[in-house]
Amino acid sequence: MSENHPVVEITDVAHGGSCIGRLPSGKVVFVRHTAPGELVRVALREERAKRAFGDAIEVLRAHPQRRAHVWPLAAREDLGGAELGHLTLTGQRAFKEAVLTHTLRRIGGVDVAEAAAEARRPMQPCSPHLGGATRTRLRTIANEDGRVAMRRFHSHDLVALDTIPLAVDALADVSDLRFEAGTRLRHVAPSAGPVQFVPEQEAPVVHEQVAADGTTFRYRLGADQFWQAHLDAPRLLIEAALAGLRAPGDPNGIEVLELYSGVGLLSAPIARAIGEHGRLTCVEGSAQAVRAARHNCPRTVQVHKSRIDHRTVGEMVAERTFDAVVLDPPRSGAGERVAAQLASHGATAVVMIYCDPAAFARDIAPFLTAGYRVEMIQPFDLFEHTHHMEIAAHLTRP
């Protein structure tokens with residue numbers, strides 16, 4: 001029993017929601033469902049030559065922020081999407097802050113870590129009064145009885161759901177929904193229109209509206225297209241992007257390059273901020289998203305469908321001079337070579353909106369090497385009860 005379920009003292013966090021400890025043999029073990037400082041009994045799932053992986057099955061010494069899991073079914077059945085639900089929201093933010101600190105130094109290096117320490121703000125809670133019931137987008141699958149279900153961690157086993165406490169009220173109750181077995185489902189609660197529970201292959205048009213920067217921006221997109229899942233994320237990220245453009249001064253009339261522009265969430269507000277004498281060039285790899293962005297943005301905005309890599313970006317910055325660059329890439333980030341191309345271009349302002357701390361740490365490094373100053377790093381807790389976070393950064397070139 002003690003061999004298969006050793007007692008482990010948890011010493012640190014790891015990116016991905018696990019924590020780090022050592023087995024009695026001295027081997028490093030990554031443990032889920034725990035927190036630094038805890039003493040836990042661990043069920044080992046996998047053991048390799050240099051590391052092991054396991055789950056905490058008994059807490060012998062608890063973290064001060066440990067609580068009853070926010071979603072008991074997820075804890076009992078090991079469902080995804082709530083891996084930090086055993087901690088209070090305060091405890092979750094402390095966990096993510098520690099991950100960000102560690103990742104900036106490990107991936108970015110000493111220079112990135114030191115620059116970040118000077119400019120970094122505390123992680124901002126988002127709609128804390130909702131307790132994490134903030135998600136307007138979910139994906140599930142119908143089980144053999146046609147009920148809404150989710151898979152267990154690293155498994156094909158399905159667990160039927162009656163409620164989803166992480167969702168906004170309009171999506172939380174799924175007890176009466178029935179679909180053909182095996183149907184992959186999208187749950188969408190747009191801010192301007194009816195709730196949608198639709199098969200993945202269907203893509204009805206949904207409408208969103210975001211009140212930010214003194215006006216209301218309106219968007220049209222397919223239910224299958226990317227939109228920030230947190231109820232308050234669109235407003236917060238718009239405001240963060242515009243603050244970055246304004247960091248060096250009034251952005252009216254400047255020329256902006258926006259990469260990974262999606263359906264135009266940031267593009268329409270940027271176009272308004274730079275005014276009719278400014279110029280915004282947006283680049284996005286998805287043809288579907290480009291079509292939506294062209295509808296959502298003023299006609300003066302140039303929206304291009306293009307692969308984004310160091311070659312295409314090199315061509316873009318060689319052809320024109322941009323005063324500011326806005327990066328809002330997927331989880332994989334822009335990549336070091338793209339970041340290096342942009343850094344050598346020398347735009348006065350750079351705005352980075354990232355959802356992965358490792359990609360952020362890697363991609364900000366070339367800008368610091370090129371002489372950019374980090375004005376602000378603001379992490380947002382937009383994914384309560386998970387290990388995920390959003391990071392906004394403002395850089396300027398002196």
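Values below: every heavy atom of this structure, side chains too, minus hydrogens, waters and symmetry copies.
- Using a cutoff of 4.0 Å between basic side-chain nitrogens and carboxylate oxygens, Asp145 and Arg147 are not scored as salt-bridged.
- Heavy-atom neighbours of Glu276 CD from other residues, nucleotides or ligands within 6.0 Å: at or below the threshold of 12.
- Taking OG1 of Thr163 as the reference point, atom CG of Leu171 lies at 12.5 Å (rounded to 0.5 Å).
- No side-chain donor-acceptor contact under 3.5 Å links His385 to the backbone of Gly85.
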Full working for side-chain contact (heavy atoms from CB on, under 4.5 Å) between His86 and His63: CA-CA 10 Å; His86 59 285; His63 189 280; over 6 Å; no
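- Closest approach of Ala212 and Arg235 over heavy atoms only: CB-CG, 4.1 Å.
- The nearest pair of heavy atoms linking Thr140 to His187 is OG1-NE2, 2.6 Å.
- Between Glu390 and Gln228 there is a side-chain heavy-atom pair separated by less than 4.5 Å.
- In terms of modelled atom types and a separation under 3.5 Å, the side chain of Asp224 and the main chain of Ala203 share no donor-acceptor contact.
- Of the possible polar contacts, one joining the Asp173 side chain to the Ser175 backbone as a donor-acceptor pair under 3.5 Å is found.
- Checked by atom type and distance alone, the side chain of Tyr372 pairs as donor or acceptor with a backbone atom of Ala347 at under 3.5 Å.
- With a 4.5 Å cut-off on side-chain heavy atoms, Asp356 and Thr103 do not count as touching.
- Remark: the backbone N or O of Arg220 is paired with a side-chain donor or acceptor of Asn296 at under 3.5 angstrom.
- Remark: Asn143 CG to Leu161 CG distance equals 9.0 Å, nearest 0.5 Å.
- Val59 and Val29 fall within the same hydrophobic cluster, defined by Ile, Leu, Val, Met, Phe, Trp and Tyr side-chain heavy atoms under 4.5 Å apart, directly or through other members.
- The CZ atom of Phe95 sits 15.0 Å away from atom OG1 of Thr90, with the distance rounded to the nearest 0.5 Å.
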CA sep, side-chain torsions, deciding dist, call: Ser261, Glu284, side-chain hydrogen bond (donor to acceptor under 3.5 Å, both in side chains): CA-CA 5 Å; Ser261 51; Glu284 166 59 42; 4.7 Å; no
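- Note: the hydrophobic cluster containing Leu237 does not contain Met352 (ILVMFWY, side chain heavy atoms under 4.5 Å, direct or indirect links).
- With hydrogens and angles ignored, the 3.5 Å screen pairs no side-chain donor or acceptor of Ser127 with any backbone N or O of Leu130.
- Within 6.0 Å of the CZ atom in Arg311, the count of heavy atoms belonging to other residues, nucleotides or ligands does not exceed 12.
- Counting non-hydrogen atoms of neighbouring residues, nucleotides and ligands closer than 6.0 angstrom, the CZ atom of Arg337 reaches no more than 12 such neighbours.
- The two atoms that bring Val338 and Asp309 nearest to each other are CG2-C, 3.5 Å, heavy atoms only.
- Taking a 6.0 Å sphere around CD of Glu336, one finds it holds 12 or fewer heavy atoms contributed by other residues, nucleotides or ligands.
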side-chain contact (heavy atoms from CB on, under 4.5 Å) between Val350 and Leu342, worked out: CA-CA 9 Å; Val350 175; Leu342 295 170; over 6 Å; no
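- The minimum heavy-atom distance linking Trp71 with Ala82 is given by the pair CE3-CB, 4.3 Å.
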side-chain contact (heavy atoms from CB on, under 4.5 Å) assessment of Arg32 paired with Phe53: CA-CA 8 Å; Arg32 300 167 65 234; Phe53 302 87; over 6 Å; no
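- Residues Arg139 and Arg184 have side chains not in contact (no heavy-atom distance under 4.5 Å, counting atoms from C-beta outward).
- With contacts defined as side-chain heavy-atom distances shorter than 4.5 Å, the pair Ile391/Pro357 qualifies.
- Here the side chain of Tyr219 pairs a donor or acceptor atom with the backbone of Leu265 at under 3.5 angstrom.
- Distance CG/Leu89 to CG/Leu84: 10.5 Å, rounded to 0.5 Å.
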side-chain contact (heavy atoms from CB on, under 4.5 Å) between Ile364 and Leu395, worked out: CA-CA 9 Å; Ile364 197 174; Leu395 287 69; 4.0 Å; yes
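- No continuous path of hydrophobic side-chain contacts links Phe380 to Tyr260 [ILVMFWY only; heavy atoms under 4.5 Å].
- Nearest heavy-atom pair, Ala223 versus Val188, reported as atom, atom and distance to 0.1 Å: O-CG2, 4.0 Å.
- The minimum heavy-atom distance linking Ala142 with Glu180 is given by the pair CB-O, 3.4 Å.
- Using a 3.5 Å distance cut-off with no hydrogens or angles, the side chains of Glu375 and Thr396 do pair a donor with an acceptor.
- Between Phe322 and Thr281, the closest side-chain pair of non-hydrogen atoms falls below 4.5 Å.
- Under the 3.5 Å distance criterion, with hydrogens and angles disregarded, a donor-acceptor pair is assigned to the side chains of Glu384 and His230.
- In this structure, Arg279 CZ and Ile274 CD1 are separated by 10.0 Å, a value rounded to the nearest 0.5 Å.
- At least one side-chain heavy atom of Phe30 sits less than 4.5 Å from a side-chain heavy atom of Ile20.
- Between the CD atom of Glu208 and the CZ atom of Arg218 there is a distance of 12.5 Å, given to the nearest 0.5 Å.
- Inter-residue side-chain proximity for Thr34 and Val8 is flagged as unmet; no heavy-atom pair is nearer than 4.5 Å.
- In the hydrophobic clustering of this structure, Phe367 groups with Leu259; members are Ile, Leu, Val, Met, Phe, Trp, Tyr whose side-chain heavy atoms approach within less than 4.5 Å, directly or through other members.
- Ion pair Glu118/Arg373 not flagged as a salt bridge, since none of the NZ, NE, NH1 or NH2 atoms sits closer than 4.0 Å to an Asp/Glu carboxylate oxygen.
- Under the 4.5 Å side-chain heavy-atom criterion for grouping Ile, Leu, Val, Met, Phe, Trp and Tyr, Leu242 is connected to Ile254 within one hydrophobic cluster.
- Between the side chain of Arg151 and the backbone N or O of His156, at least one donor-acceptor pair lies under 3.5 Å.
- For the pair Leu257 and Arg320, the minimum side-chain heavy-atom distance is 4.5 Å or more.
- In the model, His388 has a side-chain atom that pairs as donor or acceptor with a side-chain atom of Arg331 under 3.5 Å.
- Contact check on Arg45 versus Asp55 returns a salt bridge, with a Lys/Arg side-chain nitrogen under 4.0 Å from an Asp/Glu carboxylate oxygen.
- Lys96 places a side-chain N or O within 3.5 Å of a backbone atom of Thr386 that can act as its donor or acceptor partner.
- Judged purely by distance below 3.5 Å, without hydrogens or angles, the side chains of Thr11 and Arg22 never pair a donor atom with an acceptor atom.
- The neighbour count for Glu46 CD, taken as heavy atoms of other residues, nucleotides or ligands under 6.0 Å away, is above 12.
- Looking only at distances, no side-chain donor or acceptor of Gln378 sits under 3.5 Å from a matching main-chain atom of Ala392.
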